[in-house]
Visitor: 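Sending over a structure as structure tokens; questions will come in a sec.
Just the heavy atoms: all of them, side chains too, but no hydrogens, waters or symmetry mates, feed the values below.
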Amino acid sequence: MLSIIIPAYNEEENIEKTASVIGGIMEENGIDCEIIFVDDGSKDKSWELIDRLSREKDNIRGLKFSRNFGKEGAIFAGLKNCLGDCAAVIDCDLQHPPQLLPEMYNLWKQGYKVVEAVKASRGKEGFIYKTFAKCFYGLMKGSSGIDMNGASDYKLMDRQVVDALNELPERITFFRALSSWVGFETAKIEFNVAERNAGKSKWSFKKLFKFAMSNLTSFTNVPMQIVTVTGIIFFIAAIVIGIQTLVKFFTGTAQEGFSTVILLILLTGSFIMIALGIIGYYISKIYEEIKCRPRYILSYDTNQRKNRKEKGDE
Ligand code: UDP
Ligand code: MG
């Protein structure tokens with residue numbers, strides 16, 4: 001059985017269409033599937049729709065978060081609760097073409113453990129967004145060796161991979177990179193990002209920036225190493241300038257160099273501030289991890305109702 005995990009946050013305009021499109025494709029291709037909608041604390045009617053669908057169709061299940069925990073939490077909730085031999089993660093807005101699912105499923109049948117859908121084109125995105133994404137992926141590749149150009153959250157994974165991901169203990173997760181970090185035989189197929197079916201993108205620039213920072217720091221320590229290296233360079237410069245100053249002092253030409261002092265104070269001062277900032281950022285990540293809070297809190301699972309029904313309580 002294939003589990004299809006769909007994170008949804010304020011997607012009332014998309015849920016029914018997505019469910020029917022995906023359901024239709026699966027039926028056409030004779031693939032046995034369960035569709036899991038994870039409602040990430042939506043404030044609109046998303047949950048009512050999911051709940052209704054789950055009553056109408058046996059293979060649709062809904063999980064509801066107690067508040068908005070973010071897409072990462074939603075994906076991992078789906079992975080934790082899915083029952084399939086393989087699981088696919090797909091967006092709720094039909095930007096990830098579900099027509100690819102049967103092809104991905106067949107690749108899985110051929111023995112691939114991870115089938116990644118990579119973006120051949122990034123669809124309609126603003127210039128700033130594109131540049132930002134490029135910088136981020138460049139930094140990721142340069143510092144942690146994970147090539148994520150074109151990577152998306154649209155993936156199909158074998159049970160083994162799902163279990164491996166479920167066992168990861170960290171709180172701050174980055175599904176897109178973790179699913180390649182765990183390894184396994186991977187196949188890639190390309191897709192063109194479609195336009196959003198309805199509604200607006202749920203990511204603000206601030207949210208994306210925070211997301212990028214948190215992912216970079218959870219995959220690489222390079223920024224901290226940059227701090228050390230720059231510190232060493234500054235130290236060498238300080239020795240050279242120190243010697244020069246002393247020589248000038250002893251030869252009696254020490255009047256000048258006032259500007260050098262100011263420059264140095266400014267430079268070292270700003271460098272120390274940046275360094276402290278970076279270190280502070282890592283410490284805050286450690287702090288978040290060490291609290292061991294769950295990645296999400298479920299407030300409702302439509303399977304509870306189904307189970308009660310089977311027992312005859314309802
Ligand atoms: N999403 C979510 N929680 C959030 C933000 C987004 O579950 O806090 C879901 C959203 O419902 C959609 C998917 O993540 O199914 C991708 O979101 P969106 O389309 O807004 O992102 P974009 O396509 O612009 O990257
Ligand atoms: Mg989208």
Visitor: Check whether any side-chain N or O of Tyr154 sits under 3.5 Å from a backbone N or O of Pro97 as a donor-acceptor pair, and report yes or no.
Guide: yes
Visitor: Within the side chain of Thr186, is there an N or O that forms a donor-acceptor pair under 3.5 Å with the backbone of Phe184?
Guide: yes
Visitor: Rounded to the nearest 0.5 Å, what's the gap from CD on Glu27 to CD1 on Ile25? Could you check?
Guide: 11.5 Å
Visitor: Shortest non-hydrogen contact from Cys82 to Arg159?
Guide: O-NH1, 3.4 Å
Visitor: Of all heavy-atom pairs between Asp51 and Ser54, which one has the smallest distance, and what is that distance?
Guide: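 Minimum heavy-atom separation between Asp51 and Ser54: O-OG, 2.7 Å.
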Visitor: For residues 60-69, tabulate all N or O donor-acceptor pairs below 3.5 Å that involve a side-chain atom, not counting sequence neighbours.
Guide:
{"unit_1": "Arg61", "atom_1": "NE", "unit_2": "Asp301", "atom_2": "OD1", "d": "3.1"}
{"unit_1": "Arg61", "atom_1": "NH1", "unit_2": "Asn81", "atom_2": "O", "d": "3.0"}
{"unit_1": "Arg61", "atom_1": "NH2", "unit_2": "Asp301", "atom_2": "OD2", "d": "2.7"}
{"unit_1": "Asn68", "atom_1": "ND2", "unit_2": "Asp40", "atom_2": "O", "d": "3.0"}
{"unit_1": "Asn68", "atom_1": "ND2", "unit_2": "Asp40", "atom_2": "OD1", "d": "3.2"}
{"unit_1": "Asn68", "atom_1": "ND2", "unit_2": "Asp40", "atom_2": "OD2", "d": "2.9"}

Visitor: Run Leu53 and Ile35 through side-chain contact (heavy atoms from CB on, under 4.5 Å) and show every step you take.
Guide: CA-CA 10 Å; Leu53 283 172; Ile35 299 177; over 6 Å; no
Visitor: Set out, in order, the CA-CA distance, both residues' side-chain angles and the distance that settles side-chain contact (heavy atoms from CB on, under 4.5 Å) for Cys92 and Phe37, then state yes or no.
Guide: CA-CA 9 Å; Cys92 193; Phe37 279 100; 4.2 Å; yes
Visitor: Is there side-chain contact between Lys71 and Asp91, with heavy atoms separated by less than 4.5 Å?
Guide: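 Side chain of Lys71 against side chain of Asp91, heavy atoms only: contact under 4.5 Å found.
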Visitor: Rounded at 0.5 Å granularity, tell me how far CD1 in Ile189 sits from CD in Glu116.
Guide: 10.5 Å
Visitor: So, do Ile22 and Ile6 sit near enough that their side-chain heavy atoms are less than 4.5 Å apart?
Guide: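 Contact flag for Ile22/Ile6 side chains = yes.
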Visitor: Within the side chain of Glu34, is there an N or O that forms a donor-acceptor pair under 3.5 Å with the backbone of Leu83?
Guide: yes
Visitor: Indicate yes or no for a side-chain donor-acceptor contact from Asn14 to the backbone of Asp93 under 3.5 Å, with no hydrogens or angles considered.
Guide: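 Side chain of Asn14 to backbone of Asp93, a donor-acceptor pair under 3.5 Å: no, none is there.
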Visitor: Does Lys285, at its NZ atom, have more than 12 non-hydrogen atoms belonging to other residues, nucleotides or ligands within less than 6.0 Å?
Guide: yes
Visitor: Do you know which two heavy atoms are closest between Arg295 and Leu168, and how far apart they sit?
Guide: NH2-O, 2.7 Å
Visitor: Could you check whether any side-chain N or O of Glu170 sits under 3.5 Å from a backbone N or O of Glu289, counting only pairs where one atom can act as donor and the other as acceptor?
Guide: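 A pair under 3.5 Å: no.
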Visitor: Taking all non-hydrogen atoms of both residues into account, name the closest pair between Ala74 and Ile5 and its distance.
Guide: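 So the minimum-distance heavy-atom pair works out to O-CG2, 4.4 Å.
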Visitor: Under 3.5 Å, is there a donor-acceptor pair between the side chain of Asn166 and the main chain of Leu79?
Guide: yes
Visitor: Indicate yes or no for a side-chain donor-acceptor contact from His96 to the backbone of Ile90 under 3.5 Å, with no hydrogens or angles considered.
Guide: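 Side chain of His96 to backbone of Ile90: no pair is present.
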Visitor: For a quick test of reading the model, state the closest non-hydrogen atom pair linking Ser46 to Asp44 and the distance between them.
Guide: OG-OD1, 2.7 Å
Visitor: Inspect the surroundings of CD in Glu56 and state if more than 12 heavy atoms from other residues, nucleotides or ligands are less than 6.0 Å away.
Guide: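 It does: Glu56 CD has more than 12 such atoms within range.
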Visitor: For side-chain contact (heavy atoms from CB on, under 4.5 Å), just list the numbers for Trp181 and Phe174, CA-CA rounded to whole Å, side-chain angles, deciding distance to a tenth of an Å, and then say yes or no.
Guide: CA-CA 10 Å; Trp181 179 88; Phe174 185 31; over 6 Å; no
Visitor: Can you classify the ring geometry of Tyr300 versus Trp47 as parallel (below 30°), tilted (30 to 60°) or perpendicular (above 60°)?
Guide: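 The rings of Tyr300 and Trp47 stand perpendicular, inter-plane angle above 60°.
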Visitor: Can you tell me if Arg171 uses its side chain to pair, donor with acceptor, with the backbone of Ile290 under 3.5 Å?
Guide: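 Looks like no, no N/O pair under 3.5 Å.
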Visitor: With a cut-off of under 6.0 Å to the ring centre and 45° to the axis, is Lys291 in cation-pi contact with Tyr287?
Guide: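 Yes, Lys291 sits over the ring of Tyr287.
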Visitor: Is Ser152 reaching over with its side chain to a backbone N or O of Ala117, donor-acceptor style, under 3.5 angstrom?
Guide: yes
Visitor: Would you call Arg176 and Asp153 a salt bridge, taking side-chain N to carboxylate O under 4.0 Å as the test?
Guide: yes
Visitor: Any side-chain donor paired with an acceptor under 3.5 Å for Lys155 and Ser179?
Guide: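 Yes, Ser179 and Lys155 have a side-chain donor paired with an acceptor closer than 3.5 Å.
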Visitor: Using side-chain contact (heavy atoms from CB on, under 4.5 Å), reason through Lys80 and Tyr296 one step at a time and then give a plain yes or no.
Guide: CA-CA 11 Å; Lys80 185 108 221 162; Tyr296 55 84; 3.7 Å; yes
Visitor: Determine yes or no for a side-chain-to-main-chain donor-acceptor pair under 3.5 angstrom, with Glu72 supplying the side chain and Phe175 the backbone.
Guide: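 The answer is yes, because a donor-acceptor pair under 3.5 Å joins these two groups.
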